[in-house]
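Please find one structure pasted underneath; my questions will follow.
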Amino acid sequence: KHYRAVLNVGKETAWIKDHIERAKALFYKAVAIDNKEHGTNRKPKLPVYMPYFLENEDDIFKVQIHENKAHSSVNYKQDEMIPIFSCSKGSLSSPNEADKSRSNEEVLSAAIVSLEDDGYTVETEYDEENPYYMLSVDVATMCDKYECDSIQRRSFTGRQIRANFFTTEDDVIQKSKLATVGVLLVTRRIEVVHSLQRSTRTDAKYIKKHPDEIIFDVVSKDLHTGRFYKRRNEVKA
């Protein structure tokens, strides 16, 4: 399991703390320069992977890691365009059998022709300084084809990793609230366990072959910007 890390670094921690403080100083300096160039004054937040020591380590006897997939979910109305394909310029990273001899640009060009033939209004974003192509279609046509009122796009954004810390107080086990964790540094052995994998609800949006999911098969799945679902307006009594 490649959750971030709980590392036992032993008792000689002075040099580690010194390196961490120097890394923090460089990070704050870089952010300050960036903010100055962009005219912002936002308070910098340290990256989640910045190592840190647990303040109450001596009281903790177990750390339970919870690892979940994180997603963003955006609803698109019928007067909007929805991005459905995105890819880097150049060769396909893992092309399927049909796309082996074509570049990403050629694959998307063929997709545009197919979508326009199917009645969609298609827009593409192309910027010389941007290493990606983006292809969008009109939601109105999609809703008309799939008999719905709007489209929900759900995209994977990464892993969400949190932890509970277990301590004892008056011989009673105490469990902390869930906290986001990055790289935890400890100076002694602490038990680290993973939570049990959650079961998938049968009505969950991320199950395979969801009845409301819209599948675009004009390009391979690795170029999709997410998964798309039909949404219908609720009729109030």
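Throughout, residue positions are numbered sequentially from 1 according to the sequence presented.
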inquiry  = Do Met134 and Thr225 make a side-chain contact, defined as non-hydrogen atoms from C-beta onward lying under 4.5 Å apart?
reply    = yes
key: Glu21 side-chain N/O to Asp18 backbone N/O, donor-acceptor pair under 3.5 Å   = no
query = When rounded to the nearest 0.5 angstrom, what is the spacing between CD in Glu123 and OG in Ser136?
reply = 6.5 Å
message = For Ser176, give me all partners under side chain to side chain contact (heavy atoms under 4.5 Å, CB included), at least two apart in sequence or on another chain.
response = Asn164, Phe165
key: Verdict with reasoning, Thr124 to Leu108, per side-chain contact (heavy atoms from CB on, under 4.5 Å)   = CA-CA 9 Å; Thr124 55; Leu108 290 191; over 6 Å; no
ask   = Who pairs with Phe228 by ring pair (Phe, Tyr, Trp, His ring centres under 6.0 Å), at least two apart in sequence or on another chain?
value = Phe216
message = Going by the rule side chain to side chain contact (heavy atoms under 4.5 Å, CB included), which residues pair with Phe53 if we only count those two or more places apart in sequence or in a different chain?
response = Val9, Thr13, Ile16, Lys17, Ile20, Leu185, Thr187
inquiry  = Please determine whether the number of non-hydrogen atoms from other residues, nucleotides or ligands lying under 6.0 Å from atom NZ of Lys29 exceeds 12.
reply    = no
message = Please evaluate residues Gln152 and Ser73 with respect to the criterion side-chain contact (heavy atoms from CB on, under 4.5 Å), reporting the C-alpha separation (whole Å), side-chain torsions for both, the decisive distance (0.1 Å), and the verdict.
response = CA-CA 7 Å; Gln152 198 77 17; Ser73 186; 2.8 Å; yes
Rounded distance [0.5 Å steps], CD in Gln78 versus CD1 in Ile151 = 8.5 Å
inquiry  = Let me check something: do Met81 and Val219 share a hydrophobic cluster, defined by ILVMFWY side-chain heavy atoms less than 4.5 Å apart, either directly or through other members?
reply    = no
query = Does the side chain of Val107 reach to within under 4.5 Å of the side chain of Leu223, using non-hydrogen atoms?
reply = yes
task = Indicate whether the side chain of Arg153 and that of Tyr76 have a donor and an acceptor atom separated by less than 3.5 Å.
result = yes
query = Under a 4.5 Å cut-off applied to non-hydrogen side-chain atoms, are Leu7 and Leu184 in contact?
reply = no
task = Measure across Asp149 and Asn233 and return the closest heavy-atom pair with its distance rounded to 0.1 Å.
result = OD2-N, 2.6 Å
task = Starting at OG1 of Thr168, measure out to CD of Gln174 and round the result to the nearest 0.5 Å.
result = 8.5 Å
task = Provide the closest heavy-atom pair for Gly226 versus Ser155 in the form atom of the first, atom of the second, distance.
result = CA-OG, 3.9 Å
message = Quick one, Glu191 and Val63 - any side-chain contact, counting heavy atoms below 4.5 Å?
response = no
request  = Determine, using the 4.5 Å side-chain heavy-atom cutoff (strictly less than), whether Ile84 and Ile214 are members of one ILVMFWY cluster.
outcome  = yes
inquiry  = Is the shortest side-chain heavy-atom distance between Asp138 and Tyr120 below 4.5 Å?
reply    = yes
Salt bridge (charged side-chain N to carboxylate O under 4.0 Å, His left out) partners of Asp118, counting only residues at least two apart = Lys145
message = Checking one residue: Val193. Which other hydrophobic residues are in its cluster under the side-chain 4.5 Å linking rule?
response = none
ask   = Any donor-acceptor pair under 3.5 Å linking the side chain of Arg188 with the backbone of Asn8?
value = no
inquiry  = Using side-chain heavy atoms (C-beta onward) and a distance below 4.5 Å, is Val183 in contact with Val6?
reply    = no
query = Going from CD1 on Ile161 to CD1 on Ile65, what distance comes out if it is rounded to the nearest 0.5 angstrom?
reply = 7.5 Å
remark   = Residues Lys24 and Leu46: closest non-hydrogen pair is CE-CD1, 3.8 Å
inquiry  = For a 4.5 angstrom cut-off between non-hydrogen side-chain atoms, does Val139 reach Ser150?
reply    = no
query = Which pair of heavy atoms, one from Val48 and one from Val181, lies closest together, and at what distance?
reply = CG2-O, 3.8 Å
key: Ile82/Met142 under side-chain contact (heavy atoms from CB on, under 4.5 Å): CA gap, chis, key distance, verdict   = CA-CA 10 Å; Ile82 182 171; Met142 196 184 301; 3.7 Å; yes
query = Run the side-chain contact (heavy atoms from CB on, under 4.5 Å) check on Asp117 and Val113 step by step: do they pass?
reply = CA-CA 6 Å; Asp117 287 346; Val113 173; 3.7 Å; yes
key: Donor on one side chain, acceptor on other, Arg227 and Tyr229, under 3.5 Å   = yes
remark   = Nearest heavy-atom approach of His66 to Leu178 is CD2-CD2, 3.3 Å
note = Looking only at heavy atoms, the pair that brings Cys148 and Lys230 closest together is CB-CB, 3.8 Å
query = Do Tyr133 and Ser86 come within less than 4.5 Å of each other through their side chains, counting heavy atoms only?
reply = no
key: Audit row: Asp212, Arg232, salt bridge (Lys or Arg N to Asp or Glu O under 4.0 Å) steps and yes/no   = CA-CA 10 Å; Asp212 286 337; Arg232 300 172 182 84; 3.4 Å; yes
key: Fellow cluster residues of Phe61, listed by chain then number, with links counted only when side-chain atoms sit under 4.5 Å apart   = Phe166, Ile173
key: Rounded distance [0.5 Å steps], OH in Tyr28 versus NZ in Lys45   = 11.5 Å
